[in-house]
Protein chains: 2
Amino acid sequence: MASRGPSLPRITDVAALAGVSTSTASKALNDTGQLREETRERVRRAAEQLGFTPDSRGRALSSGRSFTVGLITTDSSGRFSIPIMLGAEDTLSAGEMALVLCDTRDDPLREQHYLRSLVSRRVDGIIVTGRRTEPRAPIDVPIPVVYAFSPSTDPADISVIVDDHGGAASTVQHLLSLGRRRIAHITGPATHHSAQVRAAAAVATAGSSLVGEPMHGEWSERWGRHAVDVLLRSNPEIDAVSCGSDQIARGVCDRLRELGRSVPDDIAVTGYDNWSVMALASRPPLTTVDLELEELGRRTANLLLDAIAGSPHPGEMALPTRLVTRESTLGT
Amino acid sequence: MASRGPSLPRITDVAALAGVSTSTASKALNDTGQLREETRERVRRAAEQLGFTPDSRGRALSSGRSFTVGLITTDSSGRFSIPIMLGAEDTLSAGEMALVLCDTRDDPLREQHYLRSLVSRRVDGIIVTGRRTEPRAPIDVPIPVVYAFSPSTDPADISVIVDDHGGAASTVQHLLSLGRRRIAHITGPATHHSAQVRAAAAVATAGSSLVGEPMHGEWSERWGRHAVDVLLRSNPEIDAVSCGSDQIARGVCDRLRELGRSVPDDIAVTGYDNWSVMALASRPPLTTVDLELEELGRRTANLLLDAIAGSPHPGEMALPTRLVTRESTLGT
DNA sequence: TTCATCAAGGAAAACGTATTCTGGATTTTC
DNA sequence: GAAAATCCAGAATACGTTTTCCTTGATGAA
């Protein structure tokens with residue numbers, strides 16, 4: 001309707017310039033059909049000369065695929081879903097797939113709205129992700145779906161999650177290997193699945209080297225600082241603290257320093273998440289667990305591509321974490 | 001090709017069920033054309049019954065619009081572009097527009113790749129954003145473009161930026177209004193446009209109340225701490241520090257507290273960015289400048305929609321910031 | 001010479017929707 | 001009661017590709 005100046009060249013323009021039919025032009029540009037090499041070349045030159053870019057709307061309609069996948073996230077702040085998104089986009093864009101972003105802001109109405117929109121766009125697949133590790137209700141669409149970070153409650157769905165148990169175990173293992181035998185665990189709310197899992201892993205791995213019960217509080221520096229006060233009152237002899245997040249660990253380090261306890265000489269501290277702004281700014285920098293979320297995003301995208309291609313791999317896949325050692329356990 | 005089970009109903013199915021032609025069905029569902037209300041209703045019921053969702057690929061082809069806009073960002077980390085993205089998505093999704101995400105990772109090759117992809121998708125418009133406030137080279141596409149945060153170097157393009165000058169001025173103004181007359185400014189690298197602008201604003205606003213020259217360093221807590229040492233050595237009498245970022249301000253607060261100076265009683269401190277993880281975790285919490293990036297994203301999207309609709313508003317539009325006052329200047 | 005084979009490329013249909021055009025039926029007007 | 005206006009809905013076409021099918025001419029074999 002609104003004439004956008006001289007509209008972009010269509011394949012018929014290319015065909016006309018090359019002196020062939022549109023079907024021949026299509027075959028030439030897509031390397032299909034039976035054509036003389038000289039003809040192909042002529043068409044290619046014509047396309048080049050006109051600056052022809054195929055209209056993917058036409059292609060989508062014709063091929064039955066939209067070469068688009070939707071990403072639904074509940075995590076506006078993006079602390080976790082951003083890296084996942086970037087990883088997914090990395091993989092997808094290599095396959096000429098576009099990623100459309102939908103942030104539900106945890107509103108079921110918005111989620112419904114976005115689902116309708118994605119279905120109406122006939123996206124080839126959908127990635128669902130969130131900011132919590134709690135399993136979530138599956139979405140109901142006639143399109144392949146992969147859940148990332150927050151798995152689906154339906155085990156028949158495809159979910160990719162972080163191996164939180166292994167991650168927490170690796171920090172405690174690390175502390176044990178350094179000879180620490182009086183280890184405390186300070187983490188987030190007991191109502192959070194991730195805090196639960198990490199605490200359970202710490203308990204299981206430390207065994208008799210764990211001092212007291214895991215301490216649950218907020219995911220904040222303030223709680224880290226406060227927990228240190230409580231902890232040292234009842235257990236002044238601890239030699240390590242395994243924390244459920246980098247924020248907590250940073251608070252722990254700050255408070256220990258203020259109390260004159262040296263980290264890591266007196267007490268080693270580990271964080272969790274490898275959130276660089278916390279882990280690196282902490283004094284000292286934190287030994288922590290990297291969730292490898294970009295890799296998780298890439299794996300998610302690959303699983304989705306497989307499902308789109310017709311060979312889904314259902315089930316829950318837990319990806320390994322990576323222990324990053326820094327001064328908070330190793331000294332300088 | 002791959003039969004995705006019973007494929008989704010098309011408008012012809014709806015038409016058949018309602019006993020009308022496809023054109024009538026289309027008109028009924030879009031509230032266009034001349035139809036008896038009873039006919040419309042019958043078609044609507046048929047669509048409802050079949051769970052019909054119009055295929056936007058067909059619609060895109062037919063209407064000449066794709067109802068999609070691309071977002072190109074160079075800012076993988078997302079500290080600035082995420083809120084902008086969310087704001088834009090907010091506005092766009094209300095208009096049934098989808099947002100496809102392209103992270104160039106500052107690689108010109110990737111940028112080219114994404115531009116080709118967006119043009120081939122015939123997106124209705126493009127938003128370009130980055131992590132620095134430096135003007136950037138415009139992109140060359142036959143599609144409406146709006147630049148957000150990083151303006152285009154071409155003044156004829158549409159750019160939406162933050163009023164950094166006003167923001168920095170507002171913190172100094174605030175300090176002056178509290179009676180502070182010996183104000184220092186600690187900020188980021190002199191090579192950064194934003195540091196330059198903020199420093200210039202501080203100088204201009206503070207006038208003779210500015211102590212020494214603006215101090216340039218990294219955007220880090222470490223630099224904030226170090227700068228305090230340097231500053232107090234030469235100017236022990238200061239009563240306020242205006243910082244170029246929340247990270248720097250947090251470092252400043254930490255060091256001042258370690259040196260026994262009270263914030264804000266002895267020395268008031270202001271940050272910049274209202275990055276909650278820094279501004280709220282700081283002791284004390286920071287008075288700072290909120291960039292209102294979500295609003296910037298919304299404005300950007302609206303300008304883009306205007307441009308798509310054929311009435312662009314060229315030029316550079318600077319959006320006001322918002323001063324957020326907390327304990328670092330007001331006490332408890 | 002005749003028939004089968006094959007290479008090369010064109011014609012036509014398909015994808016799903018929106019829109020313009022057209023024609024029949026009904027109502028209005030004189 | 002005939003002509004004009006109005007209402008309603010279907011037919012046809014367009015959007016830009018891809019793909020299937022078909023035609024043509026050439027080549028080879030019998």
Side-chain angles (χ1 to χ4, degrees), chain A residues 1-4 7-44 46-47 50-68 96 119-124, chain B residues 1-4 7-44 46-47 50-68 96 119-124:
Chain A
M1 186 112 307
S3 62
R4 171 142 17 269
S7 68
L8 286 71
R10 297 155 302 171
I11 198 171
T12 56
D13 300 323
V14 174
L17 180 59
V20 298
S21 71
T22 65
S23 49
T24 301
S26 172
K27 287 174 216 164
L29 295 175
N30 293 314
D31 271 331
T32 89
Q34 309 214 56
L35 271 62
R36 230 176 321 168
E37 180 53 32
E38 182 256 323
T39 309
R40 275 189 211 286
E41 190 50 33
R42 191 150 38 93
V43 173
R44 277 195 282 257
L50 264 50
F52 170 73
T53 319
D55 185 330
S56 47
R57 293 171 307 175
R59 190 203 300 265
L61 203 48
S62 169
S63 70
R65 294 190 44 189
S66 62
F67 298 94
T68 304
E96 297 293 333
V119 169
S120 114
R121 299 190 116 82
R122 301 295 191 266
V123 294
D124 297 329
Chain B
M1 186 111 304
S3 63
R4 167 139 22 268
S7 69
L8 286 73
R10 297 154 302 172
I11 198 171
T12 57
D13 300 323
V14 174
L17 179 59
V20 299
S21 71
T22 65
S23 48
T24 300
S26 172
K27 287 176 225 167
L29 296 175
N30 293 312
D31 272 332
T32 88
Q34 309 211 61
L35 269 61
R36 231 177 320 169
E37 181 52 31
E38 181 258 323
T39 310
R40 274 189 211 287
E41 189 50 34
R42 191 151 39 93
V43 172
R44 276 196 282 258
L50 264 49
F52 170 72
T53 319
D55 185 329
S56 45
R57 294 171 306 177
R59 191 202 299 268
L61 203 49
S62 170
S63 70
R65 296 191 40 190
S66 62
F67 298 93
T68 304
E96 298 293 333
V119 169
S120 119
R121 298 191 117 82
R122 302 293 191 268
V123 293
D124 297 328

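Numbers restart at 1 for each chain; the letters A, B, ... are given by sequence-line order, proteins then strands.
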Check whether any side-chain N or O of Arg59(A) sits under 4.0 Å from OP1 or OP2 of dT18(D), and answer yes or no. yes
So how far is it from Thr24(A) OG1 to Arg36(A) CZ, rounded to the nearest 0.5 Å? 11.0 Å
Report which part of the nucleic acid Ser56(A) touches: base, sugar-phosphate, or nothing (heavy-atom distance under 4.0 Å, all strands). nothing
Is any side-chain heavy atom of Thr53(A) less than 4.5 Å from a side-chain heavy atom of Leu8(A)? no
I'd like to know if Ser62(B) reaches the base of dA14(D) with its side chain such that a donor and an acceptor end up less than 3.5 angstrom apart. no
I want to check one thing: is the phosphate of dA8(C), taken as OP1 and OP2, less than 4.0 Å away from some side-chain N or O of Thr39(A)? no
Side chain to side chain contact (heavy atoms under 4.5 Å, CB included) partners for Ser62(A), two or more places apart: none
How many Å lie between CG on Leu50(B) and P on dG16(C), as a whole number? 14 Å
Taking atom P of dA14(C) as reference, at what distance in whole Å does atom CG of Leu61(B) sit? 17 Å
In whole Å, what is the span from the CZ atom of Phe67(A) to the C1' atom of dC15(C)? 13 Å
Near DNA chain D, counting only heavy atoms under 4.0 Å, which residues of residues 27-37 of chain B show up? Lys27(B), Gln34(B), Leu35(B), Arg36(B)
Want to settle it: does Ser23(B) or Arg122(B) sit nearer the 5' end of DNA chain D, counting the closest nucleotide to each? Ser23(B)
Mind calculating the distance between CD (Glu38(B)) and C1' (dC7(D)) to the nearest angstrom? 14 Å
Which of residues 10-21 of chain B sit near DNA chain C, with a heavy atom under 4.0 Å from it? Arg10(B), Ile11(B)
Rounded distance (nearest 0.5 Å) linking atom NZ of Lys27(A) with atom OG1 of Thr39(A): 11.0 Å
Could you state the CG-P distance from Leu8(B) to dG16(C), rounded to the nearest angstrom? 10 Å
Checking side-chain contact (heavy atoms from CB on, under 4.5 Å) for the pair Arg121(A)/Ser66(A): CA distance, chi angles, key distance, verdict? CA-CA 8 Å; Arg121(A) 299 190 116 82; Ser66(A) 62; over 6 Å; no
Sidechain-backbone polar pair: Thr32(B) side chain, Asn30(B) backbone, donor-acceptor under 3.5 Å: no
Exercise: do Arg59(A) and Ser120(B) side chains pair donor with acceptor under 3.5 Å: no
Could you state the atom-to-atom distance from CZ of Arg57(A) to P of dT18(D) in whole Å? 14 Å
Pairwise distance CG(Leu29(B)) to CG(Leu35(B)) - rounded to 0.5 angstrom: 10.0 Å
Side chain Arg42(A), main chain Ala18(A), donor-acceptor under 3.5 Å: yes
